[in-house]
Novice: 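Have a look at this one.
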Amino acid sequence: MSLVKGDVGEVSQQWAQKLRGNAPRYSALEVYGGRSFQDASYAAKVLDAKLFVVSAGLGLIDALEQIPAYACTVSENAPDSISSRILARYRKADWWDALQRSSPYAVSFLVAAGSDDVPILASLPESYMEMVVAEVMGLPIDRFARLRLFTRTPRSRIPEGLRNYVMPYDDRLDGPDSDIRGTRSDFAARALRHFAGLQTCGTATEDAAAVDAALAGWRMPKIQNRIRRDDSELLNLMRQHWDSAEGKSSKLLRLFRDDLGVACEQGRFATLARQVRGERS
């Protein structure tokens, strides 16, 4: 990442300048193609709702926006992590605040929420919850009451004022009765997709009760003792099963864990999967 190190404000201004210098070439719908985005897109279609994307490199953007190609993440150990360019303490929330003010593509949560009396459904993995929570907490009371949150973030790490708006999805989404099993990274989007199918539109308490009722007969997944493998073994297994997983990382990880009984952390798995994908391109 070719940015001069500095404080979060300086780095965000440099980044925004680079964004302005890169002509938009793709719609966000073309850029974001992972399972989470597909499930969120499906939910938006079912509900005839407008879709926005929380992007660590662009801010909150309209999914129909034309955007440039970019590489930026808030994950601290990733090659394109913005954390490596920031001097002093790094906080995801600080980066988001600076990005929202400097990015030429960003819109505020307030603008995205609109003024219509319709639900605001937010699918937020834990790292993204940490990043945007301050802006979400700042929404006016009339919009705040319309918020429904889908996340796997532990309740203890969610601000008290938001907890009543978190829909009560849990690991039953990955149990034997679920047809939308997946990985932890796409849990929030899968929960959103399921909620869209319920067609509920009540208070937060009523919507949570509808989720509880829908999951009432579902069982938790069985706990498995998975075998650990070194990187070379995992790479060989990936090459063997790549075609059967249709080249989809989420499907391959599910196969590793459920069918092969192999243990692998998501970050490590993603790095190795990128290597195999590169070999096949």
Novice: Y32 and I67: side-chain contact (heavy atoms from CB on, under 4.5 Å), yes or no, with the steps?
Specialist: CA-CA 11 Å; Y32 304 107; I67 61 175; 4.0 Å; yes
Novice: Examine distances only and state if a side-chain atom of E135 and a backbone atom of F109 form a donor-acceptor pair shorter than 3.5 Å.
Specialist: yes
Novice: Output every pair passing salt bridge (charged side-chain N to carboxylate O under 4.0 Å, His left out) with a member in residues 145-156, not counting sequence neighbours, ordered by first then second residue.
Specialist: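 Every pair satisfying salt bridge (charged side-chain N to carboxylate O under 4.0 Å, His left out) with a residue in residues 145-156: R148-D207, R152-D171.
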Novice: Determine whether L252 and F269 make a side-chain contact, defined as any pair of heavy atoms from C-beta on separated by less than 4.5 Å.
Specialist: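 L252 reaches F269 side chain to side chain.
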Novice: Are L147 and F195 linked, directly or through other ILVMFWY residues, by side chains that come within less than 4.5 angstrom of each other?
Specialist: no
Novice: Can you tell me if CZ on R163 sees more than 12 non-hydrogen neighbours from other groups inside 6.0 Å?
Specialist: yes
Novice: Is there side-chain contact between R101 and S12, with at least one heavy-atom pair below 4.5 Å?
Specialist: no
Novice: If two hydrophobic side chains count as joined below 4.5 Å and joins carry through other members, does L173 share a cluster with L149?
Specialist: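 No, because L173 and L149 fall into different hydrophobic clusters, even though each may have its own neighbours under 4.5 Å.
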Novice: So do the side chains of I180 and R35 get within less than 4.5 Å of each other, counting heavy atoms only?
Specialist: yes
Novice: Applying ring-ring contact (aromatic ring centres under 6.0 Å, His included), name anything that partners F187, two or more places apart in sequence or on another chain.
Specialist: none
Novice: Going from CZ on R89 to OG on S83, what distance comes out if it is rounded to the nearest 0.5 angstrom?
Specialist: 13.5 Å
Novice: Roughly how far, to the nearest 0.5 Å, is CE of M238 from CG of L235?
Specialist: 6.5 Å
Novice: How many angstroms lie between CG in D212 and CE in M167, if you round to the nearest 0.5 Å?
Specialist: 9.0 Å
Novice: Between Y169 (side chain only) and L192 (backbone N and O only), is there a donor and an acceptor less than 3.5 Å apart?
Specialist: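 No: the side chain of Y169 does not pair with the backbone of L192.
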Novice: Between V46 and A196, which heavy-atom pair has the shortest distance, and what is it?
Specialist: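 Minimum heavy-atom contact is CG1-O, 3.8 Å.
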Novice: Are the side chain of S27 and the backbone N or O of L64 linked by a donor-acceptor pair below 3.5 Å?
Specialist: no
Novice: Search all heavy atoms of W15 against all heavy atoms of C72 and return the closest pair with its distance.
Specialist: CZ2-CB, 3.6 Å
Novice: Can you confirm whether P68 sits close enough to Y105 that some side-chain heavy atom of one is under 4.5 Å from a side-chain heavy atom of the other?
Specialist: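 With C-beta onward as the side chain, the pair touches.
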Novice: Please check: side-chain N/O of S103 versus main-chain N/O of L99, any donor-acceptor pairing under 3.5 Å?
Specialist: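 Checked: no pair found.
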Novice: For the backbone of A134 and the side chain of W96, can you confirm whether one donor and one acceptor N or O come within less than 3.5 Å of each other?
Specialist: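 The answer is no, because no donor-acceptor pair under 3.5 Å joins these two groups.
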Novice: Consider only side-chain heavy atoms of I, L, V, M, F, W and Y, link residues closer than 4.5 Å, and tell whether V133 and Y90 are in one cluster.
Specialist: yes
Novice: Salt bridge or not for D174 and R190, using N-O below 4.0 Å?
Specialist: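 Looking at R190 together with D174, the answer is yes, because their closest N to O distance falls below 4.0 Å.
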Novice: Quick check on the hydrophobic clustering: are M131 and F52 connected, directly or via other members, by side-chain heavy-atom contacts under 4.5 Å?
Specialist: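 Linked within one cluster.
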Novice: Applying salt bridge (charged side-chain N to carboxylate O under 4.0 Å, His left out) to R228 and E265, what does each step give before you reach the verdict?
Specialist: CA-CA 10 Å; R228 295 192 62 81; E265 299 82 7; 3.0 Å; yes
Novice: Hey, are R172 and D177 close enough for a salt bridge, meaning a charged N less than 4.0 Å from a carboxylate O?
Specialist: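 Salt bridge absent between R172 and D177.
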Novice: Rounded at 0.5 Å granularity, tell me how far CG in L237 sits from CG in L260.
Specialist: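 If I round to the nearest 0.5 Å, the distance is 6.5 Å.
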Novice: Would you say V166 ends up clustered with L121 if hydrophobic residues are merged whenever their side chains have heavy atoms under 4.5 Å apart, either directly or through other cluster members?
Specialist: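 No.
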Novice: Considering all heavy atoms of both residues, which atom of I158 and which atom of T153 are nearest to each other, and what is their separation?
Specialist: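 The pair with the smallest heavy-atom distance is CD1-O, 3.6 Å.
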Novice: Ring centres under 6.0 Å, that's the criterion: do F144 and Y165 meet it?
Specialist: yes
Novice: So which atom in S36 and which in S185 form the shortest heavy-atom distance, rounded to 0.1 Å?
Specialist: OG-O, 3.6 Å
Novice: Are more than 12 heavy atoms from other residues, nucleotides or ligands located less than 6.0 Å from atom CG of D117?
Specialist: no
Novice: Start with the C-alpha gap between H194 and L198, add the side-chain angles, then the distance that decides, and say whether side-chain contact (heavy atoms from CB on, under 4.5 Å) holds.
Specialist: CA-CA 7 Å; H194 180 269; L198 297 181; 3.9 Å; yes
Novice: Should R143 and L110 count as side-chain neighbours, where that means a heavy-atom distance under 4.5 Å?
Specialist: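 With C-beta onward as the side chain, the pair touches.
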Novice: Taking the side chain as every heavy atom from C-beta outward, state whether V107 and E65 have any pair of such atoms under 4.5 Å apart.
Specialist: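 Sidechains of E65 and V107: no contact.
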Novice: Would you check if there is a donor-acceptor pair between the side chains of T205 and T203 at a distance under 3.5 Å?
Specialist: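 Looking only at side-chain atoms, T205 and T203 do not form any donor-acceptor pair under 3.5 Å.
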Novice: Indicate the atoms forming the closest heavy-atom contact of A69 with Y26, along with that distance.
Specialist: CB-CE1, 4.0 Å
Novice: Would you say the side chain of Y128 lies within less than 4.5 Å of the side chain of T151, judging by non-hydrogen atoms?
Specialist: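 No; the side chains remain at least 4.5 Å from each other.
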Novice: Do S178 and W218 have side chains that get closer than 4.5 Å, going by heavy atoms?
Specialist: yes
Novice: Which residue pairs satisfy the side-chain hydrogen bond (donor to acceptor under 3.5 Å, both in side chains) criterion with at least one member in residues 231-241, sequence neighbours excluded?
Specialist: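 Those involving residues 231-241 are D230-S232, D231-R268, N236-R239, R239-E279.
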Novice: Between the main-chain N or O of S102 and the side-chain N or O of Q13, is there a donor-acceptor pair closer than 3.5 Å?
Specialist: no
Novice: When you measure from the side chain of W95 to the backbone N and O of V8, does any donor-acceptor pair fall under 3.5 Å?
Specialist: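 Checking the backbone N and O of V8 against the side chain of W95, no donor-acceptor pair under 3.5 Å is found.
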Novice: Before you tell me yes or no, could you show the steps for L47 and Q199 under side-chain contact (heavy atoms from CB on, under 4.5 Å), namely the whole-Å CA-CA distance, both residues' side-chain angles and the distance that decides it to 0.1 Å?
Specialist: CA-CA 8 Å; L47 299 171; Q199 296 288 331; 4.2 Å; yes
Novice: Any chance you could measure L87, atom CG, to D7, atom CG, to the nearest 0.5 Å?
Specialist: 8.0 Å
Novice: Examine the side chains of Y70 and S55 and answer whether a donor and an acceptor come within less than 3.5 Å of each other.
Specialist: yes
Novice: Name the residue from L255, L253, L234 that meets the side chain to side chain contact (heavy atoms under 4.5 Å, CB included) definition with V262.
Specialist: L234
Novice: Within the distance-only criterion (no hydrogens, no angle test), does the side chain of R85 pair as donor or acceptor with the backbone N or O of G6 below 3.5 angstrom?
Specialist: no
Novice: Is the count of non-hydrogen atoms from other residues, nucleotides or ligands lying under 6.0 Å from R280 atom CZ greater than 12?
Specialist: yes
Novice: Which is it for L124 and F150 under the side-chain contact (heavy atoms from CB on, under 4.5 Å) test, yes or no, and what are the steps along the way?
Specialist: CA-CA 6 Å; L124 295 169; F150 305 88; over 6 Å; no
Novice: Got a second to check how far K18's NZ is from S2's OG, nearest 0.5 Å?
Specialist: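 Between K18 NZ and S2 OG, I get 3.5 Å after rounding to 0.5 Å.
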Novice: Can a donor-acceptor pair be found, under 3.5 Å and without considering hydrogens, that links the side chain of Q100 to the backbone of D97?
Specialist: no
Novice: Would you indicate whether E30, at its atom CD, is surrounded by more than 12 heavy atoms from other residues, nucleotides or ligands within a distance under 6.0 Å?
Specialist: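 Yes, enclosed.
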Novice: Of all the heavy-atom pairs spanning A63 and V53, show the shortest one and how long it is.
Specialist: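 Scanning both residues, the minimum pair turns out to be CB-CG2, 4.3 Å.
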